[in-house]
Chemist: 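My questions will all concern the structure given below.
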Amino acid sequence: MTASIEGLGGYNLGFAEELYAAYAQDPSSVDAEWRAFFAELGEAPQPTSPFPRRSLFGAAGAKNGGGNGHAAVASVASSTLGESSAARQAAVDRLVHAYRSSGHMGAELDPLGRGRPPVPELTLAHHGLDQADLDRPYSGLRGQGIQPLRNILERLQSTYSRMIGAQYMHLDDPAARDWLESRMEASQNRSDLSHASKLRILEKLTAAEQFEQFIHTNFLGAKRFSLEGGESLIPLLDLAIERAARHGVQEVVIGMAHRGRLNVLVNVMGKAPADVFREFQDTDPENYWGRGDVKYHLGHQTRDRTRDGKEVLLTLCCNPSHLEFVNPIVLGRTRARQDERGDQLRAEVMPVILHGDAAFAGQGIVQETLNLSTLQGYATGGALHVIVNNQIGFTTPPESSRSCTYATDVARMLQAPIFHVNGEDPESVAHVAQLAMDFRAAFHQDVFIDLYCYRRYGHNEGDEPAFTQPLMYEQIRQRKTVRAAYLERLVGPGKISSDEAEGLRAKHQERLEGELARSRGESFERQEVTITQRWVRFRGGPRSRRDPVKTALPKVLLSALLERTLDYPEGFAAHRTVTKLRDQRRAMARGEQELDWGAGEALAFASLVCEKHAVRLSGQDAGRGTFSHRHSVLHDQKTGAVHVPLTQMDPQQARFEVWDSPLSECGVLGFEYGFSLDSPQSLVLWEAQFGDFVNTAQVIIDQFISSAEDKWGHLSGLVMLLPHGYEGQGPEHSSARLERFLQLCAEDNIQVVNLTTPAQVFHLLRRQVLDRWRKPLVMMTPKSLLRLPAARSPLSEFSEGSFQSVIEDPREPKAVKRVLLCSGKVYFDLVAYREEHGRDDVAILRMEQLYPIPSGELEEVLGRYADRTPVVWVQEEPWNMGAWFFLRANLNGEIFRRLPLSCVSRDESASPATGSHASHKLEQAYLVQQAFGDA
């Protein structure tokens, strides 16, 4: 016999200690080989171990008095202990590890009972064990002592391979893994539910089933995206919210796609069924002329009271058909509410996001959103993700829609557990809901529940799923409902009676009948929901509702504010370029130099935070600015310490935040839009690295930013900063696709500007917050103009006046024979040409605001010029891009029926710009010559 105590390893020494304790109580309780080993130690059995603990390895002999020291025991073991025992225990250890890491692969997750491939790692033979080992004692599970392998295996199978499959071994944090192992193995991944809890689950299942069947009967053929087959979602959400409330959660922000939304609206969010039925009847078409949305995209808000008496504010976000794109919006809204509460622990407001299996695996916005999870500027303390796994995407099966085992595999990028659960076992669903909430509270991380279920009908109720999944839907047709299957388990002596169950069903049926009757009544009034007061003082609608606001500030105050942005901590070693910039800014503050764009922006931010308006700016390189104009975050060149001057303006100031974002447009823009929905008093900005890249976030722009007010009545003051301008940097660094934003403009839904001076950006950013009229602001921002001496503003333009939608030319109108109308950077090219060629007969007007079209200001300015004076719209973009098509459609061929309108631009092109810098210069020179009629 050659094995030694050291050969057992630290974990198996613990096993030996436990085995010795059993031997001390009853020698016959241990295997004969171990009994012989303990007997040869030469001591009478005692309830203490002769083995050194792991922490005493280095001084075992001294601790055990020499005779029973580590060396002596090792010597005896090497001559007595069979190598096979240690090897078998090591094999059991591997088996335990296999269940912890791969037990989910053997779990019974599919409610349809379709088998899964065998998992060799979960067999005895794979680890060199056999049937004879089942009755031998081994150490296996924490806190369970020495047990026959049969008991250990049964507990492993019950914990990891029954109706719940847990993936958690990818977590790097050993404390999180230990916590999960301890909780799951101690309970065998099941909860001992009280009679009341079981009745609650049955009630929620009943409500979910009754609602779907009631609509199916009364609105036959209507599209509703039924939850049938996945009804366990309703008790899952109910229990998760209740458990979260026990952990101090006071608000829950929910996002989901359309499947099951109507059921969630009624049975979780508390929306009146009569309101839903009225929407099915669609009897008020005049109220929705050109606006509104389908019923299964709408949101809701309610105050819920849990069984513990805790009140939770629930918000279900509106969502278009674009499935997962609501995800970052949910996180942004959650973060805004946490900030509003001063919830630095991110514990009082929780995001809950419901996903579809095909969408979760298939849409890239999922990964972009998950990547925000623990980033300092975007963390929310962990979201609960529930994948409603129908095991199909429209007509596409999993093997055609993903290259991984689970729909949730992308989630393994996070330090978050994933619980796969059979949705036809509501008690297992209840268990993981509570476990998930406990984990989030303990570790402030995301957590995922993969709810395996099925779709009783097709993608919608008018779709025939058997066209493409005949076998699957033959099984589904033969299955009882989730409620019926659960009821069979519950009804019996000492359990829930049939009368109780029927009473629940009858109660819900009666309520639905009453709500249907109410919805059909002539005096029907929709349930009004106004819970939060955030938006009470703000308004949307037409621009006529805009109030004039004062944005100018006294010179003395402006100088003091700008000076304060230049205060550094004592000994702070700024970069030499930043030091030079600081000197220039100081001269600007003293009125010795005109202010550049960065100074104008800094003054807007500084003044707003001192007026108690928070400022949040994020984007790639936002701290420094893509073109090094901002430097709002300074880095000590010797220590690396960070200083943000705008956070040190005043002890009573509002919050200033600037966050360098991940390399994501869609996810981050969605987050900031969501933040703006719940922070109307703040200035919320997102900046693209180059405006050209904004089109990767087109869904957020089209489905939310530009249309949310029209569809859902949602207001937002989000500002988008999009660097734009033709400077010879190629097709992907020239255009923010101005034309696409203008094409979306209608009903005063957004504001689109292309500014030319720092004073303009100062007044506009201040107006965006101080004005009660709230609309998203799309701002084409400059690149070369950031440092162009001609594009500067004196301090007097900040202390006087306001934002100008149109900036007129100071020339005498009578001498003007041609008017050039433009916006943005091209203005300075035109001015330079006019001065060089002495063309004083040409006036150059700047249309700083492109939408809403400033018709009144344009008419006033152009009214100074003689009838038939030609007006030329000049743009750097090709003919088919830029603002030209939009302006021509809105201003017609003659402006105000007296001034002929034409356009000078680059030739029409499929690509925004040339890739040749030399060609760019030729094109630009020719364009400017054309504008003056010289080409």
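Side-chain atoms are counted along with the backbone in the values below, which use heavy atoms only and exclude waters and symmetry mates.
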Chemist: Are R335 and F675 in a cation-pi contact, defined as NZ or CZ under 6.0 Å from the six-membered ring centre and within 45° of the axis?
Modeler: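 Verdict for F675: no cation-pi partner in R335.
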Chemist: Should the pair R898 and F896 be classed as cation-pi, given the thresholds of under 6.0 Å to the six-membered ring centre and 45° from the axis?
Modeler: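 So R898 doesn't make the cation-pi contact.
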Chemist: One thing to verify: whether R585 and D583 come together as a salt bridge, which I'm taking to mean a side-chain N less than 4.0 angstrom from a carboxylate O.
Modeler: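 Between R585 and D583 there is no salt bridge, as every charged N stays at least 4.0 Å from the carboxylate O atoms.
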Chemist: With no hydrogens and no angle check, do the side chains of S716 and S676 hold a donor and an acceptor under 3.5 Å apart?
Modeler: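 Side-chain D/A pair, S716 to S676: present.
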Chemist: Do V668 and Y378 come close enough that some side-chain heavy atom pair is under 4.5 Å?
Modeler: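 The answer is yes; the side chains approach within 4.5 Å.
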Chemist: Can you say whether the rings of F704 and Y673 are parallel (under 30°), tilted (30 to 60°) or perpendicular (over 60°)?
Modeler: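 Aromatic pair F704/Y673 classed tilted.
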Chemist: When you compare the side chains of Q768 and R774, does any donor N or O come within less than 3.5 Å of an acceptor on the partner?
Modeler: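 There is no such pair (donor and acceptor under 3.5 Å, judged by atom type) between the side chains of Q768 and R774.
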Chemist: Do R906 and H920 get their side chains close enough for a donor-acceptor pair, meaning under 3.5 Å?
Modeler: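 Yes, because at least one side-chain N or O of R906 sits under 3.5 Å from a partner of the opposite role on H920.
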Chemist: Under 3.5 Å, is there a donor-acceptor pair between the S618 and E672 side chains?
Modeler: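 Side chains of S618 and E672: pair found under 3.5 Å.
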Chemist: Is the number of heavy atoms from other residues, nucleotides or ligands under 6.0 Å of E812 CD greater than 12?
Modeler: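 More than 12 heavy atoms, drawn from other residues, nucleotides or ligands, come within 6.0 Å of this atom.
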Chemist: When you measure from the centre of the six-membered ring of F932, is the NZ or CZ of R834 closer than 6.0 Å and no more than 45° off the axis?
Modeler: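 No; the conditions do not both hold, so R834 does not lie above the ring face of F932.
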Chemist: Does the side chain of L634 come within less than 4.5 Å of V578's, by heavy atoms?
Modeler: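 Yes, at least one pair of side-chain atoms sits under 4.5 Å.
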Chemist: Flag the pair R586 / E563 as yes when at least one side-chain heavy-atom distance between them is below 4.5 Å, and no otherwise.
Modeler: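 Yes. Closest side-chain heavy atoms under 4.5 Å.
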Chemist: Looking at R655 and E657, is there a salt bridge between them, counting it only when a charged N and a carboxylate O are closer than 4.0 Å?
Modeler: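 R655 and E657: salt-bridged.
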Chemist: Ring-plane angle category for F693 and F690, please: parallel below 30°, perpendicular beyond 60°, tilted otherwise.
Modeler: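 Correct class here is perpendicular.
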Chemist: Is the closest side-chain heavy-atom distance between Q620 and E665 below 4.5 Å?
Modeler: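 Yes, at least one pair of side-chain atoms sits under 4.5 Å.
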Chemist: Could you check whether Q924 and D829, counting side-chain N and O atoms only, form a donor-acceptor pair closer than 3.5 Å?
Modeler: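 Yes, side-chain donor-acceptor contact under 3.5 Å.
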Chemist: Before you tell me yes or no, could you show the steps for E848 and N754 under side-chain hydrogen bond (donor to acceptor under 3.5 Å, both in side chains), namely the whole-Å CA-CA distance, both residues' side-chain angles and the distance that decides it to 0.1 Å?
Modeler: CA-CA 5 Å; E848 302 274 289; N754 193 6; over 6 Å; no
Chemist: Donor-acceptor pairs under 3.5 angstrom involving side-chain atoms of residues 850-859: please list them, not counting sequence neighbours.
Modeler:
from: Y851; atom 1: OH; to: E747; atom 2: N; distance (Å): 3.3
from: Y851; atom 1: OH; to: D748; atom 2: N; distance (Å): 2.8

Chemist: Does a donor on one side chain sit under 3.5 Å from an acceptor on the other, for Q849 and Q751?
Modeler: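 Short answer, no.
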Chemist: Measure the CG-CG distance between L562 and L557 for me, rounded to the nearest 0.5 Å.
Modeler: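 The CG atom of L562 sits 11.0 Å away from the CG atom of L557.
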Chemist: If I take atom CG from residue L608 and atom OG from residue S682, how far apart are they, to the nearest 0.5 angstrom?
Modeler: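 Going from CG on L608 over to OG on S682, the span is 10.0 Å.
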Chemist: Answer yes if the side chains of T551 and R767 hold a donor-acceptor pair under 3.5 Å, and no otherwise.
Modeler: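 Their side chains do not contain a donor-acceptor pair, so the 3.5 Å distance test is not met.
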Chemist: My understanding is that only residues two or more places apart in sequence, or in another chain, count here; which of them pass side-chain contact (heavy atoms from CB on, under 4.5 Å) with P912?
Modeler: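 Checked P912 against side-chain contact (heavy atoms from CB on, under 4.5 Å); matches are Y726, P731, S735, R737, M881.
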Chemist: What's the verdict on side-chain hydrogen bond (donor to acceptor under 3.5 Å, both in side chains) for R766 and S607, showing C-alpha distance, side-chain angles and the deciding distance?
Modeler: CA-CA 8 Å; R766 285 181 52 77; S607 61; 2.9 Å; yes
Chemist: State whether a side-chain donor-acceptor pair under 3.5 Å links Y833 with D934.
Modeler: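 Result is yes, a qualifying pair exists.
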Chemist: To the closest 0.5 Å, what do you measure between OG (S559) and CZ (F798)?
Modeler: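 Here the rounded value is 11.0 Å.
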Chemist: State which residue, out of E877, E876, E727, fulfils the salt bridge (charged side-chain N to carboxylate O under 4.0 Å, His left out) condition with K825.
Modeler: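 When E877, E876, E727 are each tested with K825, the salt bridge (charged side-chain N to carboxylate O under 4.0 Å, His left out) holds only for E876.
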Chemist: Under a 4.0 Å N-O cut-off, is there an ion pair linking K555 with E800?
Modeler: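 Salt bridge absent between K555 and E800.
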Chemist: To the nearest 0.5 angstrom, please state how far the OG1 atom of T757 sits from the CZ atom of R792.
Modeler: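 Going from OG1 on T757 over to CZ on R792, the span is 13.0 Å.
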Chemist: Could you work out, with salt bridge (Lys or Arg N to Asp or Glu O under 4.0 Å) as the rule, every residue matching R868, not counting sequence neighbours?
Modeler: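 R868 satisfies salt bridge (Lys or Arg N to Asp or Glu O under 4.0 Å) with E894 only.
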Chemist: When rounded to the nearest 0.5 angstrom, what distance separates CD1 in I705 from CD1 in I750?
Modeler: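 Reported value, rounded in 0.5 Å steps: 8.5 Å.
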Chemist: So, do L765 and V761 sit near enough that their side-chain heavy atoms are less than 4.5 Å apart?
Modeler: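 They are in side-chain contact.
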Chemist: Working note: D547 + R539, criterion salt bridge (charged side-chain N to carboxylate O under 4.0 Å, His left out); need CA distance, chi angles, decisive distance, verdict.
Modeler: CA-CA 11 Å; D547 292 329; R539 55 182 177 240; 2.3 Å; yes
Chemist: Just by distance, with hydrogens left out, do S919 and S916 show a side-chain donor and acceptor under 3.5 Å apart?
Modeler: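 Judged by distance alone, the side chains do not pair up.
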Chemist: Can you confirm whether more than 12 heavy atoms, excluding those of K814, are under 6.0 Å from its NZ atom?
Modeler: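 No, not enclosed.
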Chemist: Name the orientation class of the two ring planes belonging to W879 and W884 (parallel below 30°, tilted from 30 to 60°, perpendicular beyond 60°).
Modeler: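 Ring orientation of W879 relative to W884: tilted.
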Chemist: Could you measure the distance from the CG atom of L795 to the CG atom of L595? Nearest 0.5 Å is fine.
Modeler: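 Taking CG in L795 and CG in L595, the distance rounds to 6.0 Å.
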